[in-house]
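Below you'll find the structure, written out as C-alpha cells, and then a few comments.
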Amino acid sequence: MTSAPARKDLPPAYEPASVESRIYEIWERGGYFRPRVDPNQTPYTIIMPPPNVTGELHLGHGLEDAITDALVRWHRMQGEPTLWVPGEDHAGIATQNVIERELAKEGLSRHDLGRDAFLERTWMWVRKYRSRIADQHRKLGASADWSRDVFTMDGTIVKAVRTTFVNLYKDGLIYRGLRMINWCPRCETALSDLEVDYEEEAAKLYFIRYPVVGEGGMPLPDYVVVATTRPETMVADTGVAVNPSDDRYEERVGRMLLLPLIGREIPVVADDAVKPEFGTGAVKVTPGHDPNDWDIGQRHNLPVIVALDRKAAMNDEAGPYAGMSSEEARARILRDLEEGGFLDHVEDHTHSVGKCSRCNTVVEPIPSEQWWVAVTKEYAPGRSLAGDAAEAVRDGRIRIVPQRFEKVYLAWLDNIRDWCISRQLWWGHQIPVWYCPNGHTTVQVEDPPACPDCGAVVRQDEDVLDTWFSSGLAPHADLGWPNDTADLSYFYPTSDMQMGYDIMFFWCARMVMFGLYNMRDRGPAGAVPFRTVLFHGLIRDVQGEKMTKTRGNVLDPLVVAAKYGADAFRFAVLSGASMGADQKYTEERLAAARNFANKLWNTARFVLLKVGDRRVRRPHPADRETYALEDRWILSRLEQLEVDIDSLFRAYQLGEAARQIEDFLWNEFCDWYIEMTKVRLTAGDERPLAVLAHVLDRGLRLLHPFMPFVTEELWQALRDHIDDDMAPALIVAWFPKSGANWKDAAAEASMEHVIEVNRAIRNIRAEKKLDAGARPRVYLRANGHAPALLETLPATAFTSRVEPEVVAPAATLPQGEYGFARVGETEVVVSLPAVDAGVERARLEKDLADANAHAERLEKQLSNPQFRAKAPANVVAGMESTLAETRARVTGLKERLAQL
RNA sequence: GGGCGGUUAGCUCAGAUGGUUAGAGCGCUGCGUUGACAUCGCAGAGGUCACUGGUUCGAAUCCAGUAUCGCCCACCA
C-alpha cells in the first residue's frame with residue numbers, strides 16, 4: 001500500500017481534547033451556525049431555554065444542548081435554513097440572591113450599596129457569566145448562532161417587555177390590586193403561586209378556647225374551641241367561622257367572642273367554607289394571614305389585620321408580642337394561653353408548608369398591593385390569555401411531545417388564577433409605570449420626562465417584573481419583536497421548543513399566552529410561538545435524587561466532557577432514556593459512550609488505512625450483481641437504517657435513533673462486514689474499499705447529530721477519498737436520505753444464515769474448548785443456502801479460524817469425532833480431537849427439547865384457521881419457513897442422538 | 001382529594017402504530033495480545049416482562065382492577 005497522507009496518521013485512541021476545540025473553530029469560522037435566509041424554503045427555528053446567569057451550566061443544560069443540537073444538526077443537514085437562537089436569562093430573584101450572598105461575604109447588604117451600585121455590581125457578574133456560559137455551550141458542541149445571542153435584559157427585550165406590559169394594561173389584562181399574595185420574608189418580595197413549593201411537615205394542632213361574650217359585654221363561663229396550627233396569628237383574628245349547617249354552633253352565630261390575650265371582641269360568622277368535620281368545626285378567621293380566611297373575611301366584612309412585617313416579625317398589631325419573631329411569639333402565646341386556661345388541648349397534625357422555591361424560607365400569605373395579569377379575563381369576545389393557550393394545544397396548532405403532558409398542561413390552564421407579576425426586587429425589568437405627586441399614573445413604553453397630564457416630576461414604580469414575564473416573550477422577542485424585523489417575519493413561528501417538564505407552567509404556558517397575544521395579527525396558525533414542544537426528563541444522581549446545589553450532587557457537564565469527551569456525554573444522555581423520562585446519571589454509561597466513540601475512531605482508522613490514498617467511487621446500484629454477498633448485505637442494512645433513522649427523527653425518538661446507529665456500526669459493520677472484508681483485501685480484492693468508505697461516510701453522517709466532534713474529524717479525513725460532490729464539512733453535508741436502491745431481502749436472509757453458521761462454529765469451538773490456534777475441519781451440510789455459504793467460505797475460514805467445506809446434506813464424513821449444530825437447513829459439523837459422549841448427549845437433548853417446544857408453538861399457531869385468515873401474509877410465511885427450519889433441526893438432532 | 005408516570009436480566013435502561021424463541025450497556029463465567037480498536041474480540045450464563053382478570057388468531061405492548069415506588073396539581077384551619 002502506498003504511503004498515506006499525514007492527516008491519516010490518526011492516533012490509535014480517540015483523544016477528544018485534541019479534536020473538539022479545533023473542530024468547533026472550523027464550524028464557527030465557516031459560518032455554518034448562521035442560517036441563510038431563503039424565501040423559497042421553510043426554515044427550522046429553535047429558541048434555547050435561556051440558562052440563568054446565576055452560575056454555570058449543569059447536566060440538565062447539557063442534556064438540553066444534546067437534544068437541541070441533535071435536532072438542529074439534523075435539520076441543517078436536510079438543507080433547511082436552520083437557526084438556533086442562544087440566550088441567557090437575568091433570573092431576577094435567583095441572581096439577586098447570588099449577588100446578595102456575594103455581598104454578605106464582604107459584610108455588606110444591597111442596602112449598603114443602594115440600587116444603582118447594586119445593579120452595576122450585578123451587571124459585572126452577568127458579563128462574566130454570560131461568556132462563561134456561552135463557552136460551556138461551545139465546549140458541548142452547541143451549533144447555535146452566537147451572533148444572535150440574547151440576554152433577557154438587552155435593550156430589544158426591554159422594549160418587548162414594556163410594549164407587552166403596556167398593551168396588556170390597555171386591554172385591561174394587567175391591573176394593580178390588593179390581594180392575598182405569597183410573601184417571602186427573606187427575599188422580601190411577593191411570589192407567584194408557582195414559586196412556592198409545598199412540603200409536608202409534622203406539626204401540632206392547637207385547640208384554643210375563645211370565651212363567649214354575654215349580654216352586657218360580660219364574659220360567660222362558656223367558650224368556643226377553635227383549632228389552629230398557627231396560634232401566633234390569633235393576634236390578628238377578626239372573627240370565628242362555623243358552617244351554617246352545623247347545629248352545634250347554631251345559637252352562637254352572630255354572637256361575639258372575646259379574643260384571649262388580646263381582649264378584642266370578634267363575631268361568630270357562618271360560612272360554607274368551614275368543614276364541620278375538621279377540628280371542632282369552628283375556625284378562627286385571620287384575614288391578614290390566611291388565604292381562606294381572607295375570602296371569609298371578604299364575605300363577612302371582617303376587618304383585616306396584618307400583624308407581621310416584611311421580615312415576618314410581629315409588628316405593633318401584635319400588642320404585647322410586638323417585635324418578636326413569629327417563632328418567639330408562638331412560644332410566648334402558647335405559654336400565656338396555657339396560663340390563662342385558654343389552651344384546651346394539642347394534637348399532632350401534619351400539614352403542608354409553603355416555602356420559597358429560591359431560598360426555602362417559609363412563605364407568609366399576606367394581603368398586598370401588587371400588579372397582576374388577568375389570565376382568564378376576556379380581552380375580545382371569547383378570547384383570553386389562558387383560554388387561547390389551551391385552545392392552541394387542544395386544536396393541535398401546538399403539539400406536545402410526549403403527548404401525555406398535554407393533560408398536565410391543559411389541567412393547569414383550566415384552573416389557572418391571576419398571575420402576580422410584580423416583585424419587590426432591584427434586579428429585573430422595572431415596571432413601566434410612573435406616578436406623579438398629583439395622582440396621575442402613566443403607563444408607557446418610553447420613560448416620560450415629566451407627567452404627561454400635569455408636567456410634574458414623575459417617579460417610576462420601584463418594583464420589577466417576574467423573570468418569566470420576559471422569558472415568556474422569547475420566541476418573538478428574540479427575533480426582534482416589537483420591531484418588524486426580517487428575522488421575525490422569516491423565522492416566526494419557531495419550529496420546535498424544548499425544556500424540562502418542570503418548567504412547563506413557568507415558561508411553556510407563558511410563551512404560548514404571550515405569543516398568541518402579541519402575534520395575533522398573524523392569525524391563529526401564525527401566532528403560535530412554536531409548533532412542537534418537547535418535554536425532557538430530569539437527570540438525577542445515582543441514587544435517583546434530584547441534583548441540587550444544596551444536596552451538593554450537582555455535576556459540571558464540562559468536567560464530565562473533559563473526562564470522556566463531549567460526544568460521549570451527548571451520546572450517553574441521549575441514549576440513556578426515552579423522551580420525558582428522568583434518567584439516572586451513571587459513570588458507566590459515560591464510559592460506554594466513550595468506548596463507542598473510540599470504536600468509531602478505530603473503524604475509520606481501518607478504513608482509511610485500507611483506502612490509502614485512493615479516491616473511491618461510491619457503489620452504484622446498477623452494479624449490484626458484481627458485489628459480493630456481504631457487500632449487498634451491508635448496503636441493504638444501511639439503507640434500512642437510513643429509513644428507520646429518518647422516521648425516528650420525525651418522531652423525536654432521538655435515543656432510539658442513537659442506539660440503532662450504534663448497533664449498526666458496531667455489531668453489523670465492524671463485527672461482521674469489516675471482519676469479512678479482511679480476507680478479501682488481503683487477497684488483493686479492492687472492491688470492498690468503495691463499500692467500506694461509503695458505509696463509513698453514511699455512518700458518520702447519521703451519527704453526526706449525536707456525536708458531532710468525532711464524526712466531523714473523521715469525515716474530514718475521509719472526505720477526499722470519496723469521488724463525489726462532498727460538502728466542505730460534515731456539519732453541512734447532506735443527511736442520508738434513502739431511496740430503495742439497495743434493499744435486498746435475499747442478501748439479508750443469506751447473510752443472516754452465514755452469520756448464524758459462523759456463530760455455531762465458534763460456539764462449538766468454545767464449548768469443546770478447542771485451542772485458539774487450532775484450525776479444525778468444518779463440514780457444512782448445506783441445502784438452500786449452499787451458494788451463500790460457498791461464496792463466504794474464505795471469510796468463514798478467516799473469521800472463525802477453521803478449514804470449512806460445503807458438502808451435500810447427506811454427505812458421509814470421514815471417521816472421527818465431531819461436534820454438531822443445526823442452523824436452519826444447514827448442519828454444521830466440526831471435527832474434534834475427541835468428544836465426551838455424555839456431555840454431548842446432554843447438550844443435544846436440551847437442544848432437542850427447545851426445538852420441539854418451538855416447533856409446537858409454531859404448529860399450534862399455524863394450525864389455527866383464524867390466524868391464517870387474519871394475520872398478514874408475510875407473518876404467516878415467515879412463521880412457516882421458521883417451522884420448516886425448526887423441523888429440520890429436530891430431525892437432525894434426533895439423528896445425532898441416535899448415532900451416539 | 002384529584003391526575004400522571006414507573007415496575008422488563010445482578011445493576012442502569014431500551015422496547016414508536018399488538019406479530020416468528022423479549023434486547024443493549026455495565027457486571028458475571030470461559031477463551032483470546034490473529035496488523036483498526038484490550039476504551040478490544042469470540043463464546044456463554046442470566047428474564048413467570050409487578051400481580052389478577054379481560055379483549056384478540058396472537059399481549060411486555062390494548063382494556064379493567066390490585067399492589068408498590070415516584071412525581072405533579074389542589075385555599076388539608
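In what follows, chains carry the letters A, B, and so on, assigned in the order in which the sequence lines appear, proteins first and then strands, with residues in each chain numbered from 1.
- Between the side chain of A:Glu675 and the base of B:A36, a donor-acceptor pair under 3.5 Å is found.
- Atom NZ in A:Lys355 sits 14.0 Å away from atom CG in A:Leu191 (nearest 0.5 Å).
- A:Glu662 places its CD atom 17 Å from the P atom of B:U39, with the value rounded to the nearest Å.
- When heavy atoms are screened at a 4.0 angstrom cut-off, A:Pro865 is found touching no nucleic acid atom at all.
- Across all strands shown, A:Arg801 has heavy atoms under 4.0 Å from base atoms, whether or not it also approaches the sugar-phosphate.
- For A:Val408, the side-chain atoms get nearest to B:C72 when compared with the rest of B:U12, B:G5, B:C72.
- No donor-acceptor contact under 3.5 Å links the side chain of A:Glu588 to the base of B:C13.
- If you check every strand for non-hydrogen atoms under 4.0 Å, A:Glu200 touches a base.
- Electrostatic pairing of A:Asp541 and A:Lys584 does not count as a salt bridge here, judged by no charged N lying under 4.0 Å from a carboxylate O.
- Going from the P atom of B:C42 to that of B:G53 covers 43 Å, rounded to whole Å.
- When heavy atoms are screened at a 4.0 angstrom cut-off, A:Ala577 is found touching the sugar-phosphate backbone but no base atom.
- In this structure, the CG atom of A:Leu862 is 10 Å from the P atom of B:U21, given to the nearest Å.
- The distance from atom CE of A:Met180 to atom P of B:A77 is 13 Å, rounded to the nearest whole Å.
- Interface remark: the A:Lys407 side chain does not form any donor-acceptor pair with the B:C4 base, using a distance-only criterion of under 3.5 Å.
- A distance of 8.0 Å separates CG of A:Asp237 from CG of A:Asp293, quoted to the nearest 0.5 Å.
- As judged by a 4.0 angstrom heavy-atom cut-off over every strand, A:Ser352 is placed among the base-contacting residues.
- Using a 4.0 Å heavy-atom distance criterion, A:Arg762 is classed as a sugar-phosphate-only contact.
- Within the nucleic acid shown, A:Asp671 comes within 4.0 Å of sugar-phosphate atoms alone, with no base atom in reach, counting heavy atoms only.
- No N or O donor and acceptor, one from the side chain of A:Lys769 and one from the base of B:A43, sit under 3.5 Å apart.
- Picking from B:C40, B:C13, B:U34 the nucleotide with the shortest atom distance to the side chain of A:Lys584 gives B:C13.
- On the C1' atoms, B:C13 is 23 Å away from B:U29, given to the nearest whole Å.
- Note on A:Ala593: nothing from the nucleic acid sits closer than 4.0 angstrom, heavy atoms only.
- A close approach under 4.0 Å does occur between a side-chain nitrogen or oxygen of A:Arg857 and OP1 or OP2 of B:U21.
- Comparing the same atom, P, in B:U68 and in B:A74 gives a spacing of 26 Å after rounding to whole Å.
- Taking atom C1' on both B:G15 and B:C49, the two are 11 Å apart, rounded to the nearest angstrom.
- B:G44 and B:G5 have their P atoms separated by 39 Å, given to the nearest Å.
- A salt bridge links A:Glu232 with A:Arg230; the closest basic N to acidic carboxylate O contact falls under 4.0 Å.
- When heavy atoms are screened at a 4.0 angstrom cut-off, A:Ala592 is found touching the sugar-phosphate backbone but no base atom.
- Residue contacts shown for A:Tyr501 are absent, as no nucleic acid heavy atom lies under 4.0 Å away.
- The side chain of A:Lys678 contributes an N or O atom lying less than 4.0 Å from OP1 or OP2 of B:A36.
- Per the geometry, CZ belonging to A:Arg868 stands 13 Å off C1' belonging to B:U20, to the nearest Å.
- Within the nucleic acid shown, A:Arg417 comes within 4.0 Å of sugar-phosphate atoms alone, with no base atom in reach, counting heavy atoms only.
- Going from atom CD1 of A:Ile674 over to atom C1' of B:U34 covers 16 Å, rounded to whole Å.
- For the residue pair A:Asn758 / A:Thr796, a side-chain donor-acceptor distance below 3.5 Å is found, with atom types taken as modelled.
- A side-chain donor-acceptor contact under 3.5 Å links A:Thr233 and A:Lys284.
- The side chain of A:Arg404 lies closest to B:C4, out of B:C57, B:C4, B:C42.
- Using a 4.0 Å heavy-atom distance criterion, A:Gln861 is classed as a base contact.
- Rounded to an integer number of Å, the gap from A:Asp502 CG to B:G5 P is 18 Å.
- Note: A:Thr603 OG1 to A:Leu714 CG = 9.0 Å, rounded to the nearest 0.5 Å.
- As a whole-Å value, the separation of A:Arg540 CZ from B:C13 P is 11 Å.
- Aromatic rings of A:His536 and A:Tyr652 (six-membered ring for Trp) have centroids beyond the 6.0 Å cut-off, not under it.
- With the nearest nucleotide of RNA chain B identified for both A:Lys275 and A:Thr882, A:Thr882 has the one nearer the 5' end.
- A:Asn595 has a side-chain polar atom (N or O) that falls below the 4.0 Å cut-off from OP1 or OP2 of B:C40.
- Across all strands shown, A:Leu205 has no heavy atoms under 4.0 Å from either base or sugar-phosphate atoms.
- The nearest whole Å value for the distance from the CG atom in A:Asn602 to the C1' atom in B:G41 is 13 Å.
- Separation of atoms NE2 (A:His721) and CG (A:Leu692) is listed at 13.5 Å; rounding is to 0.5 Å.
- Between A:Arg659 and A:Glu662 no salt bridge is recorded (no basic side-chain N to carboxylate O distance below 4.0 Å).
- Phosphate contact (OP1/OP2 of B:C40, side-chain N/O of A:Trp666, threshold under 4.0 Å): absent.
- For the P atoms, the distance linking B:A22 with B:A60 amounts to 9 Å, nearest Å.
- Contact annotation for A:Val274: base contact, defined as any heavy-atom pair under 4.0 Å involving a base atom.
- For the OP1/OP2 pair of B:A14 and a distance below 4.0 Å, the side-chain nitrogens and oxygens of A:Ser578 include at least one atom meeting the criterion.
- Taking the P atom of each, B:G19 and B:G27 are spaced 32 Å apart, rounded to whole Å.
- Comparing A:Thr886 and A:Val283 by the nucleotide of RNA chain B whose heavy atom lies nearest to each, the residue mapping closer to the 5' end is A:Thr886.
- For the atom pair A:Phe706 CZ and A:Ile661 CD1, the distance stands at 4.5 Å (nearest 0.5 Å).
- Separating the C1' atom of B:U12 from that of B:G54 is a span of 33 Å, rounded to the nearest Å.
- Atom-to-atom distance recorded for A:Leu862:CG and A:Arg857:CZ is 12.5 Å, nearest 0.5 angstrom.
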Got a list of protein N/O to nucleotides 60-64 of chain B N/O distances below 3.5 Å?
none

Test log, rule ring pair (Phe, Tyr, Trp, His ring centres under 6.0 Å), inputs A:Phe571 and A:Phe709: CA-CA 12 Å; A:Phe571 195 85; A:Phe709 291 111; over 10 Å; no

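- Comment: A:Asp646 engages A:Arg650 in a salt bridge, judged by a side-chain N to carboxylate O separation of less than 4.0 angstrom.
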Under the 3.5 Å Watson-Crick or G-U criterion, the dot-bracket string of RNA chain B, with | for inter-strand pairs: (((((((..((((.....[...)))).(((((.......))))).....(((((..]....))))))))))))....

